[in-house]
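Reminder, nothing fancy here: chain letters follow the sequence lines and each chain counts from 1.
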Protein chains: 4
Amino acid sequence: MIAEKRMDIEIESHVENPDRIERRREQVVSAAVKKFAVNGYHGTTIKEIAEAAGVSTGLIYSYVKDKEDVLLLVFMAIFRRYQQEIPRQLEGVTDPLQRFCTAVRAYCEAVGSNVGATVVGYQESNALSPERRDIVKKLELKTNALISAPVEECIKAGYFRSVNVELLTFRVVLLAHGWALKNWYFRDRISLNGYIEEGLSLFLHALLTPSGWQHWRALNEVAMRPPQPSKRPARRRKAG
Amino acid sequence: MIAEKRMDIEIESHVENPDRIERRREQVVSAAVKKFAVNGYHGTTIKEIAEAAGVSTGLIYSYVKDKEDVLLLVFMAIFRRYQQEIPRQLEGVTDPLQRFCTAVRAYCEAVGSNVGATVVGYQESNALSPERRDIVKKLELKTNALISAPVEECIKAGYFRSVNVELLTFRVVLLAHGWALKNWYFRDRISLNGYIEEGLSLFLHALLTPSGWQHWRALNEVAMRPPQPSKRPARRRKAG
Amino acid sequence: MIAEKRMDIEIESHVENPDRIERRREQVVSAAVKKFAVNGYHGTTIKEIAEAAGVSTGLIYSYVKDKEDVLLLVFMAIFRRYQQEIPRQLEGVTDPLQRFCTAVRAYCEAVGSNVGATVVGYQESNALSPERRDIVKKLELKTNALISAPVEECIKAGYFRSVNVELLTFRVVLLAHGWALKNWYFRDRISLNGYIEEGLSLFLHALLTPSGWQHWRALNEVAMRPPQPSKRPARRRKAG
Amino acid sequence: MIAEKRMDIEIESHVENPDRIERRREQVVSAAVKKFAVNGYHGTTIKEIAEAAGVSTGLIYSYVKDKEDVLLLVFMAIFRRYQQEIPRQLEGVTDPLQRFCTAVRAYCEAVGSNVGATVVGYQESNALSPERRDIVKKLELKTNALISAPVEECIKAGYFRSVNVELLTFRVVLLAHGWALKNWYFRDRISLNGYIEEGLSLFLHALLTPSGWQHWRALNEVAMRPPQPSKRPARRRKAG
DNA sequence: CATGAATGAGAATTCATTCAT
DNA sequence: AATGAATGAATTCTCATTCAT
């Protein structure tokens with residue numbers, strides 16, 4: 001946790017006090033995300049970020065080397081969120097299938113609660129210098145591990161067919177990011193929850209083995225957190 | 001068809017001759033795609049595009065109102081490609097299931113043969129003014145129709161479960177775009193073909209009804225282009 | 001007359017035929033005046049002039065060295081007008097006082113019938129290169145002679161007090177140009193005629209000697225072209 | 001008075017401090033006037049103004065929205081000068097006729113001490129956008145009031161014939177501006193003072209009633225500031 | 001002679017970054 | 001530490017001028 005907390009420690013700052021650094025950077029990143037989400041990275045000036053953060057332009061440069069660093073901080077904040085939210089929701093969940101579903105939901109919800117930043121992540125990733133882009137790629141792969149682990153568990157447990165884990169993970173990631181990327185389209189057509197369950201259902205239909213289906217039914221009879229019934233006619237069919 | 005071909009003529013130009021317009025714009029767009037793919041829209045100057053296209057900066061402004069128009073032309077070129085390639089490959093294919101598979105493959109291949117432009121499409125779409133963004137959205141929805149039509153045919157024929165067509169279409173789109181978006185990752189891990197078939201397999205497993213599976217097997221006995229065998233243990237399950 | 005007609009012969013042209021040169025230049029100047037009057041010299045492009053003249057941009061450069069030459073042609077056209085109009089109206093007028101009044105009226109009317117060009121003359125004169133500005137200055141002084149001659153005659157005849165002829169001439173010029181310069185203000189307040197007679201009246205009151213007044217009254221009894229009565233209370237005063 | 005002083009504060013600036021704004025703008029306007037007077041508005045680049053003012057190009061845009069604003073500031077500076085100088089010289093002068101003469105002289109002197117700016121005013125007024133042109137027109141009319149008031153007083157006092165005040169005012173304005181407009185001509189022929197007194201004499205001859213003349217003579221016997229005797233032979237004639 | 005596409009130098013403007021206060 | 005005025009390099013876009021057809 002401390003590692004994550006200080007993940008951005010590598011970014012240079014003229015200021016000594018680490019707490020102050022953290023506080024100021026949060027202030028700036030939060031303002032930057034807002035602005036970037038509306039006008040994009042290139043459409044946002046440092047001055048605007050400073051104003052939105054309620055600080056002077058000069059101050060930003062005490063906590064950041066250049067404008068790109070602000071973007072990198074935004075990326076880091078996104079990934080930090082994933083690293084915090086997904087494990088938090090997985091806490092105490094032990095069943096592989098449940099862990100998979102929970103991870104997918106947690107990821108999608110994390111994206112959903114920060115559509116702006118996620119879109120910025122996609123749209124502006126090539127505004128980063130190669131080195132910084134590498135950092136982001138690493139963070140991305142690290143985040144993927146949060147999804148691929150439950151997938152592997154499900155395969156090992158015989159619930160999922162044996163598929164290419166990497167590709168599947170990536171498809172889950174796209175499911176989540178898709179909500180952000182095409183938010184303009186989905187916004188007034190479907191709820192985030194509906195979107196998630198429809199996606200999850202597609203994955204389960206594609207992956208569950210017969211034993212997996214059995215386990216799935218068993219889980220849903222205990223019914224801790226059933227997917228929305230309307231979205232699973234298949235279950236009833238199977239149940240019937 | 002002619003309408004699509006001249007879609008970009010609506011963009012203002014000081015030059016009258018439509019052939020010349022088309023030729024010059026192709027020249028410019030082609031150079032722009034190359035440059036945008038490397039440095040992004042904002043990271044590319046008009047001068048660079050002009051140089052890459054082997055023309056003067058002034059010339060560009062004879063065929064385009066401003067830099068944003070160049071980006072719009074790039075988008076239009078992408079969509080034009082979809083509108084040309086997918087129907088071309090569907091020509092003569094009548095079976096719904098085959099049409100679905102062919103459409104998915106054609107879409108993915110179109111993206112694959114123009115990764116640069118597709119990524120630019122994602123990354124820079126918010127660099128467009130609202131009106132132009134609307135044009136792009138419309139083109140996108142129009143392209144989606146190329147996928148959703150076969151999906152609906154498959155459902156009507158009883159081959160696919162009855163799912164939300166819009167969402168499914170969108171998922172296919174993401175499958176295709178995913179190849180471009182994460183190309184940096186997949187490039188040295190999997191071939192485009194492998195990527196496509198893995199994705200297609202996932203969709204089929206998720207969607208095919210028993211009758212769909214039957215039809216699928218029948219099709220593959222004629223065996224024009226079978227999915228990789230290792231990916232279909234499920235069939236046996238259903239059959240059993 | 002031929003000299004004036006060919007006044008602009010010094011401007012280079014790639015075209016041989018003098019008649020064609022004249023015709024084309026007239027076409028261009030007339031278009032230029034229209035455009036300049038609305039958008040000024042700097043606000044008008046060669047392309048716009050060409051369009052307004054119904055020719056190609058290239059053609060203009062066959063009859064003119066550069067854009068400034070077009071402006072110079074405009075100036076020349078203005079002065080040609082003065083040189084034509086004022087003498088034409090003075091033709092047959094022999095009385096010095098009448099010649100003065102006629103010259104003033106003719107000058108003002110010439111300006112009035114070409115407000116646009118006159119304003120351009122003022123506003124853009126310093127857009128000319130020094131050499132061309134010198135040409136314009138010479139033309140201006142030459143035009144002034146049309147006014148200063150009658151003034152001198154009037155002084156010699158004892159009708160006018162002996163004043164500084166140069167200054168007075170210049171004041172008459174300003175009277176005429178004033179109509180153009182402040183046209184935005186006068187347009188809906190007074191007619192050109194009213195403006196002229198008021199100005200003329202002021203000059204006469206300032207200049208006429210007693211013998212001048214006497215002559216003036218005599219002239220007006222013959223009454224070829226009396227100033228508007230309402231503007232000459234002074235006469236009555238003297239008469240009384 | 002304070003209102004006038006801060007008139008230009010209405011022009012947008014990124015800088016808050018009004019004193020700094022005023023100081024910087026003066027710096028820039030002063031440089032701009034110099035440059036404009038030589039090369040005109042269009043012939044002067046922002047870079048040149050910046051260099052002449054000893055600042056960076058960027059700085060100018062902290063105090064001004066665009067280049068046109070610089071021109072507007074130049075205009076405002078001209079009018080501010082009139083609004084300051086003319087009232088200052090009229091201070092303590094109560095006699096209508098003296099007020100008229102003083103106002104005319106003050107106006108001409110104000111113009112004379114800033115020929116460059118005045119010429120720019122004429123030549124470049126149509127370089128302004130309509131809204132800004134309106135501002136300038138209003139300022140011009142406001143300035144005219146400084147002249148028309150004494151004129152009306154003189155008429156009311158019976159010193160002047162009853163003439164069209166607007167037209168007369170305008171003629172006085174042209175007298176003053178004429179010095180600037182044709183400065184290239186007058187410069188080596190006559191002093192500003194000679195020019196003024198000749199002009200004033202013309203007006204007085206044109207306007208003074210018998211009672212006006214009487215008052216005039218009385219004033220000049222007290223002889224605070226007599227017009228150059230050589231320019232007023234008329235008086236003697238009348239007196240005789 | 002006439003055309004109009006092509007050129008490219010030049011201008012206004014923006015904005016990341018610095019630094020004196 | 002914080003401020004925000006100042007800098008100036010970089011970029012988009014324009015338009016006078018040329019020249020192949």
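Contact annotation: D:Arg20 side-chain N/O to F:dG4 OP1/OP2 distance is not under 4.0 Å. The phosphate of F:dA16 has OP1 or OP2 within less than 4.0 Å of a side-chain N or O from C:Lys67. Within the structure, every side-chain polar atom (N or O) of D:Arg23 is placed at least 4.0 Å from both OP1 and OP2 of F:dA5. Contact annotation: B:Arg24 reaches the phosphate of E:dA6 (side-chain N/O to OP1 or OP2, under 4.0 Å).
Rounding to whole angstrom units, CD of residue A:Glu51 and C1' of E:dA16 are separated by 15 Å. Note: CD1 (C:Ile21) to P (E:dA2) measures 11 Å, nearest angstrom. Between C:His42 atom NE2 and F:dT14 atom C1' there is a gap of 15 Å when expressed in whole angstrom units. When rounded to the nearest whole Å, the span between OH of B:Tyr63 and P of E:dA5 equals 6 Å. Atom CD in D:Glu16 sits roughly 7 Å away from atom P in F:dA5 (whole-Å rounding). In this structure, the CZ atom of D:Arg25 is 15 Å from the C1' atom of F:dA5, given to the nearest Å. F:dA5 atom P lies 8 Å from atom CG of D:Asn17, rounded to whole Å. As rounded to whole Å, 12 Å separates atom C1' of F:dT12 from atom NZ of B:Lys47.
Residues C:Leu73 and C:Tyr63 have side chains not in contact (no heavy-atom distance under 4.5 Å, counting atoms from C-beta outward). A:Glu68 has its side chain within reach of A:Tyr41: a pair of non-hydrogen atoms, C-beta onward, lies under 4.5 Å apart. Put simply, the side chain of C:Ile11 does not reach to within 4.5 Å of the side chain of C:Lys65, judged on heavy atoms. D:Val28 places none of its side-chain heavy atoms less than 4.5 Å from the side chain of D:Val64. B:Arg132 places none of its side-chain heavy atoms less than 4.5 Å from the side chain of B:Leu71.
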With Watson-Crick and G-U wobble geometry limited to distances under 3.5 Å, how should the secondary structure of DNA chain F be encoded in dot-bracket form, using | for bases paired to another strand and [ ] for crossing pairs?
.||||||||||||||||||||
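Contact detail for B:Val120 and B:Ala37: the closest heavy-atom pair is CG2-N, 3.8 Å. For A:Asn126 against A:Gln123, the heavy-atom pair with the smallest separation is OD1-O, 4.3 Å.
Considering only side-chain atoms of C:Val55, the nucleotide from F:dC15, E:dT3, E:dA2 that sits closest is E:dT3. The side chain of C:Ile46 lies closest to F:dA16, out of F:dA16, F:dT12, E:dC1.
A distance of 12.0 Å separates CD1 in D:Ile46 from CD in D:Glu51, rounded to the nearest 0.5 Å.
Both A:Ser56 and C:Tyr61 lie close to DNA chain F; mapped to their nearest nucleotides by heavy-atom distance, the more 5′-ward contact belongs to A:Ser56. Residue order along DNA chain F, read from the 5' end via each residue's closest nucleotide, puts D:Ser62 first among C:Thr45 and D:Ser62.
Across all strands shown, C:Thr57 has heavy atoms under 4.0 Å from base atoms, whether or not it also approaches the sugar-phosphate. Note on D:Leu59: a base of the nucleic acid sits closer than 4.0 angstrom, heavy atoms only. Within the 4.0 angstrom heavy-atom criterion, only backbone atoms of the sugar-phosphate kind lie near D:His14; the bases stay farther away. The residue D:Thr44 sits close only to the backbone: its heavy atoms come under 4.0 Å of sugar-phosphate atoms, none of a base. B:Glu68 comes within 4.0 angstrom of nothing in the nucleic acid, heavy atoms only. Backbone-only contact: A:Asp66 has heavy atoms under 4.0 Å from sugar-phosphate atoms and none from a base.
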